[in-house]
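Bear in mind the structure is a predicted one, so any value in this text is a computation, not a measurement.
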Amino acid sequence: MKRIVYPYLLLLFCFPAQTWAQEQRVRFEFSMTRIDSTYDSAPPTQVSQLMEYYRPEMEREMMRVLGYAPHEMRSFRPQSPLSNFAADALFAVAQKHTNELVDFSLTNFGGIRASFPQGDVRVYDVYAVFPFENTLVILDLDGKDVQELFDNFARRNRIEAVGNVNAEIQNGAIHKLWIAGQPFDPDKRYKVATIDFLLGGGDSVAALKNAVKVQETGVMIRDAVLQYILMLKSEGKNIETPIDGRIKILDE
């Protein structure tokens with residue numbers, strides 16, 4: 001099935017929002033707009049003309065091949081090729097934004113919205129998988145808060161996508177936790193690569209709010225994935241990450 005992409009629609013969201021001071025009373029007006037075939041015969045507006053102007057170049061960019069995936073990559077719990085790949089991408093790209101060693105990475109399953117196809121992976125595929133405007137942040141987190149982070153995961157019998165971590169959950173508790181190849185140390189301060197959505201407490205990951213230091217990179221998660229794919233390509237590697245046992249739910 002041929003996939004047609006209309007990324008130029010993103011232009012509709014590129015206009016800056018403005019706010020105005022109002023008095024206590026605000027008046028709202030609205031009208032119903034039909035979204036049907038009547039729009040097909042509507043005369044072109046300046047916005048539609050602008051989109052049509054940029055559409056060919058945008059479609060060429062979206063169809064640009066980044067690399068090759070030997071197998072289809074899906075996302076599923078407790079770990080999967082695609083969720084592992086996303087976490088590993090954050091880990092690798094974050095390391096390029098700090099002079100200190102990153103201990104582990106963390107992103108959420110909810111932000112992964114599609115799959116990578118077997119074969120050529122295009123820019124479009126990365127945008128489809130990571131459609132949200134989440135940015136990479138690097139933070140310092142005390143051991144007690146890392147403990148609370150994983151205890152929270154264990155209570156929910158799930159762990160979000162992680163990189164450089166080996167963890168096991170049993171009976172609603174952390175049975176094993178290794179970070180950066182070492183047993184978890186509650187007295188250590190850890191450097192974590194994650195996304196601003198989770199830093200703000202998204203997906204009930206409240207422990208990250210206790211970060212003692214936050215570095216905002218400004219890099220979108222999809223751009224981090226794009227960079228990571230190109231890094232792999234430069235090393236002659238395909239787009240793939242195995243299910244390596246980094247997360248185990250022993251009750252299942």
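- Electrostatic pairing of Glu160 and Arg158 counts as a salt bridge here, judged by a charged N lying under 4.0 Å from a carboxylate O.
- Scanning for side chain to side chain donor-acceptor pair (under 3.5 Å) contacts around Thr135 gives Asp196, with sequence neighbours left out.
- For the pair Arg222 and Tyr127, the cation-pi test (distance below 6.0 Å, angle within 45°) is passed.
- For CD of Gln170, the number of neighbouring non-hydrogen atoms (other residues, nucleotides, ligands) closer than 6.0 Å is greater than 12.
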Query raised in the report: Does the salt bridge (charged side-chain N to carboxylate O under 4.0 Å, His left out) test come out yes or no for Arg189 and Asp142, once each step is laid out?
Result: CA-CA 4 Å; Arg189 179 169 290 177; Asp142 285 336; 2.7 Å; yes

Query raised in the report: After noting the C-alpha distance and the side-chain angles of Leu139 and Leu199, does the key distance pass the side-chain contact (heavy atoms from CB on, under 4.5 Å) rule?
Result: CA-CA 9 Å; Leu139 54 91; Leu199 177 62; 3.6 Å; yes

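- Atom CD1 of Ile221 and atom CG of Leu226 lie 11.0 Å apart (nearest 0.5 Å).
- Summarising the geometry, atom OG belonging to Ser204 is positioned 10.5 Å from atom CG belonging to Leu198; distances are rounded to the nearest 0.5 Å.
- In summary, of the residues considered (Asn166, Thr241, Asp88), a side-chain hydrogen bond (donor to acceptor under 3.5 Å, both in side chains) with Arg246 occurs for Asp88 alone.
- A distance-only check finds a donor-acceptor pair linking the side chain of Thr217 to the backbone of Val219 [under 3.5 Å].
- Of the inter-residue distances, the one linking Asn108 atom CG with Asn134 atom CG reads 6.5 Å to the nearest 0.5 angstrom.
- A distance-only check finds a donor-acceptor pair linking the side chain of Gln95 to the backbone of Glu100 [under 3.5 Å].
- In this structure, Phe184 has its ring center closer than 6.0 angstrom to the ring center of Tyr190.
- One side chain, Asn84 or Gln79, offers a donor N or O that lies under 3.5 Å from an acceptor on the other.
- Counting non-hydrogen atoms of neighbouring residues, nucleotides and ligands closer than 6.0 angstrom, the NZ atom of Lys237 reaches no more than 12 such neighbours.
- The nearest pair of heavy atoms linking Ser75 to Leu82 is N-CB, 4.0 Å.
- Shown here are the side chain to side chain donor-acceptor pair (under 3.5 Å) partners of Glu72, two or more places apart in sequence or in another chain: Arg74.
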**Report entry** Pair Phe109-Phe76, ring pair (Phe, Tyr, Trp, His ring centres under 6.0 Å): steps then yes or no
**Finding:** CA-CA 8 Å; Phe109 277 86; Phe76 49 83; 8.5 Å; no

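- Distance CD1/Ile159 to CD1/Ile169: 4.0 Å, rounded to 0.5 Å.
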Requested in this report: For the pair Leu101 and Lys191, evaluate side-chain contact (heavy atoms from CB on, under 4.5 Å) and give the outcome as yes or no after the intermediate values.
Outcome: CA-CA 7 Å; Leu101 290 176; Lys191 190 166 288 289; over 6 Å; no

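- With rounding to the nearest 0.5 angstrom, the CG atom of Leu66 is 10.0 Å from the CZ atom of Arg122.
- Remark: Phe85 engages Tyr228 in a ring-ring contact (aromatic ring centres under 6.0 Å, His included) (not counting sequence neighbours).
- Taken together through direct or relayed side-chain contacts under 4.5 Å among Ile, Leu, Val, Met, Phe, Trp and Tyr, Leu106 and Ile249 form part of one hydrophobic cluster.
- The cluster map of Ile, Leu, Val, Met, Phe, Trp and Tyr, joined by side-chain heavy atoms under 4.5 Å apart, puts Val205 and Val214 in the same cluster.
- Taking CG of Asn157 as the start and CZ of Arg77 as the end, the distance is 10.5 Å to the nearest 0.5 Å.
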Report task. Under the side-chain contact (heavy atoms from CB on, under 4.5 Å) rule, what do Ile195 and Val137 come out as? Steps first, then yes or no, please. Result -> CA-CA 5 Å; Ile195 56 175; Val137 293; 5.7 Å; no

